[in-house]
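Position 1 is the first residue of the sequence, and the numbers go up from there. Atoms within each ligand, like the ligands themselves, are counted from 1 in listed order.
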Amino acid sequence: MEHVSQDEIEDLSLSPPTVGSMQIAGSNGFGHNIEFMSQAYLRNRSSEIDIEVEHDTSIAHIDQPLPIFLKFENVEYKVKINQAFSNNPVKVVVSKVASQFEHDNYKHILKGITGSINPGEILALMGPSGSGKTTLLKILGGRLHENVKGTVTYNDIPYNPALKRRVGFVTQDDVLFPQLTVEETLVFAALLRLPSKMSRRQKYERAEVIIKELGLERCRHTRIGGGLVKGVSGGERKRASIGHEILVDPSLLLLDEPTSGLDSTSANRLLQVLQGLAKMGKTIITTIHQPSSRIFHMFEKILLIAEGYPVYYGKARESMEYFSSLGFIPEIAMNPAEFLLDLATGQVNDIRVPDDLYPPQCTTEREKIVIRIGLMFYICIFWTSSSIFGAVYVFPFEKMYLVKERKADMYRLSVYYICSTLCDMVAHVVYPTFFMCMVYFMAGFKRTVQCFFLTLGATLLIAITSQGAGELFGAAVMSVRRAGMVASLILMLFLLTGGYYVQLLRRSLGVQILSRVYRQGFLRVQLVSLLCFERPNHLDRQRAFRAFGFGNARHGQSPDSGRDKLGIKARFMVPGCLRNRVGQSLIYGCVERHTYKQEATRRLGMSLFLPVLIRAIESECSSFVL
Ligand SMILES: Nc1ncnc2c1ncn2[C@@H]1O[C@H](COP(=O)(O)OP(=O)(O)OP(=O)(O)O)[C@@H](O)[C@H]1O
């Protein structure tokens with residue numbers, strides 16, 4: 001904030017552009033130089049301000065204050081966060097950590113507050129507790145300078161100590177002597193604070209006028225009280241405090257929570273007193289916490305602050321209209337002040353807010369599940385395609401070496417297969433593991449060790465079986481170009497019909513048929529792998545057949561014949577039953593238990609077991625090809 005040097009301010013008349021010189025004088029001998037006012041302001045307001053030069057005894061006529069037009073622009077205030085100076089190391093660490101969250105070790109209390117107020121107006125600073133009302137009031141009253149940014153001007157002049165006696169500041173806690181009566185308090189203040197050129201009698205008269213104007217006659221001989229001393233009521237004490245300040249005829253009156261602790265009638269009466277003072281041309285700024293609707297409408301302007309930010313500045317009566325134009329409409333009849341405070345604190349239970357205020361959030365459990373299934377589907381597809389395309393070129397490239405070396409009887413086919421698969425598998429295990437370690441926690445899946453490893457295990461299975469599928473396509477086509485194309489086509493086909501997108505495409509007959517084919521194929525392959533590799537007993541087999549919808553075990557394939565046919569490769573295939581369990585655990589564990597879990601299982605299962613199908617076909621084909 002700018003400040004004017006002492007020399008400059010002693011003669012205020014020299015500072016601003018002026019329109020001439022005029023004296024406003026009261027009976028108490030106060031002389032105000034009209035040059036203090038800016039040209040612009042005088043142009044607008046001179047007709048409105050009734051300048052009395054006669055000597056009279058009524059406050060309304062004699063004490064015309066020097067009108068102050070207060071303007072504040074982009075006021076910012078921050079305080080340095082104190083690092084705890086303590087012997088307690090825990091406290092020191094906590095303080096340091098807490099301070100890291102604040103930008104530059106500063107706490108920003110006011111963040112760009114702008115406004116202005118004319119003489120004769122009451123500006124109410126509203127906002128929840130801790131929003132910065134008192135801080136702003138202190139800045140406007142010239143009681144806070146350090147770390148203040150922005151400009152505050154009084155009739156276009158920055159604050160200077162000469163303004164001190166033009167500014168009355170009524171603090172939240174009334175600092176009055178409890179042993180003195182109301183009259184003694186005011187007379188005491190009048191004797192000390194009024195200029196020495198005033199006679200003693202004039203000072204007494206001044207105190208008397210204030211008592212009358214503030215309606216303190218009934219309690220004039222009552223002690224102020226406080227603590228253990230019984231005294232005047234809260235409202236009377238507050239009025240005595242205000243009287244203490246307006247004795248010296250301030251042009252700018254600042255009040256911090258003048259109505260706190262008062263009942264609504266006393267608060268209303270106090271506001272009437274302030275209105276009377278404003279009518280005399282004083283500029284009044286008051287912080288107020290929760291005014292009644294009657295009081296709210298007594299303010300010309302309000303400035304609503306939330307966490308140091310200005311939320312609304314303007315005419316009080318237009319505030320509701322403004323917020324309703326933005327889409328904030330109370331759903332029940334509400335006191336406007338209450339409505340504004342609810343907005344400032346973010347309590348919008350009874351307030352309709354614009355639809356686009358919040359980013360879309362998943363509110364229902366179902367939506368959360370759908371989003372997670374989407375991610376899991378992506379994970380399946382990503383590792384399926386990445387592994388397939390990573391392996392599809394293996395056979396076409398290696399075939400000629402393999403054939404040559406096999407002819408030379410250098411190694412057995414099984415050795416080639418084991419070594420080739422194991423070497424390639426390293427990448428298909430390491431990358432998905434890294435991937436899942438990051439994505440699992442970022443996506444907010446269930447944070448249990450069991451669920452994590454089940455998910456990781458399922459992903460690895462997908463990657464490994466897809467690797468086999470890639471090799472299958474390569475071995476089947478034996479052409480790098482065609483292998484890639486075939487892999488893409490098959491992958492796309494199963495992608496579309498796998499169950500995730502099929503909802504959208506359900507109406508298409510072709511898709512329905514494909515989906516059915518896929519599911520039937522999937523079920524049969526599951527069954528084959530279950531029976532071939534796990535050698536279940538009869539009961540298990542029956543159950544498996546029923547589970548896969550085949551009704552009877554005799555439709556299945558002989559376990560032994562299947563195993564023999566697939567030979568060595570069968571041992572490297574992940575048992576279908578295990579995959580089935582892992583897949584289900586993955587879904588139940590990560591998508592959370594819910595009534596939709598059956599649906600989720602079905603949909604995701606379709607995608608998850610795609611590689612199983614491919615791997616099983618690969619086993620058949622590769623043994624034939626090689
Ligand atoms: N010197 C300071 N050091 C640290 N924090 C401060 C300082 N002065 C003010 N604050 C903080 O700034 C915020 C605003 O304080 P302020 O007293 O202006 O709020 P208020 O809106 O008047 O609250 P209330 O209605 O409860 O009086 C509070 O969180 C307060 O703790």
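Of the listed residues (Gly130, Ser131, Ala306, Gly127), the one carrying the non-hydrogen atom nearest atom 23 (O) of ligand 1 is Gly130. In this comparison of Ile109, Ile139, Ile288, the heavy atom closest to atom 12 (O) of ligand 1 sits on Ile109.
The proximity of Val79 to ligand 1, defined as any non-hydrogen pair under 4.0 Å, is limited to the side chain. Heavy atoms of Thr135 found under 4.0 angstrom from ligand 1 belong to the backbone as well as the side chain.
Using a 3.5 Å distance cut-off with no hydrogens or angles, the side chains of Asp256 and Thr171 do not pair a donor with an acceptor.
Protein heavy atom closest to atom 26 (O) of ligand 1, with residue, atom name and distance, is Ser129 OG, 2.5 Å. Counting protein heavy atoms only, atom 25 (O) of ligand 1 is closest to Lys133 NZ, 2.8 Å. Ranking the protein heavy atoms by distance from atom 17 (O) of ligand 1 puts Thr134 CB, 3.7 Å first. The protein atom (non-hydrogen) at minimum distance from atom 29 (O) of ligand 1 is Lys107 NZ, 3.4 Å.
Annotation: Tyr77 places no N or O atom under 3.5 Å from an N or O atom of ligand 1; distance criterion only.
In this structure, Pro128 has a heavy atom closer than 4.0 Å to ligand 1. In this structure, Lys138 has no heavy atom closer than 4.0 Å to ligand 1. Heavy-atom separations between Gly132 and ligand 1 include at least one value shorter than 4.0 Å.
Two residues are said to be in side-chain contact when any heavy atoms from C-beta on lie closer than 4.5 Å; Arg269 and Thr265 fail this criterion.
Taken from NZ in Lys149 to CG in Asn74, the straight-line distance is 10.0 Å, to the nearest 0.5 Å. The line from NE2 of His108 to CG of Asn147 is 10.0 Å long, rounded to the nearest 0.5 Å. Here Ile288 contributes atom CD1 and Leu123 contributes atom CG; the two are 11.5 Å apart, rounded to the nearest 0.5 Å.
With respect to the salt-bridge test (charged N to carboxylate O, under 4.0 angstrom), the residues Glu257 and Lys238 do not qualify.
Closest approach of Pro250 to Glu245, counting heavy atoms only: CD-O, 3.4 Å.
When Leu303, Thr114, Leu110 are each tested for a side chain to side chain contact (heavy atoms under 4.5 Å, CB included) with Phe72, only one passes: Leu303.
Between Tyr312 and Phe323, the two ring planes are tilted [angle within 30° to 60°].
In summary, the atoms of ligand 1 found under 4.0 Å from a heavy atom of Glu257, numbered by their order in the structure, are 25 (O).
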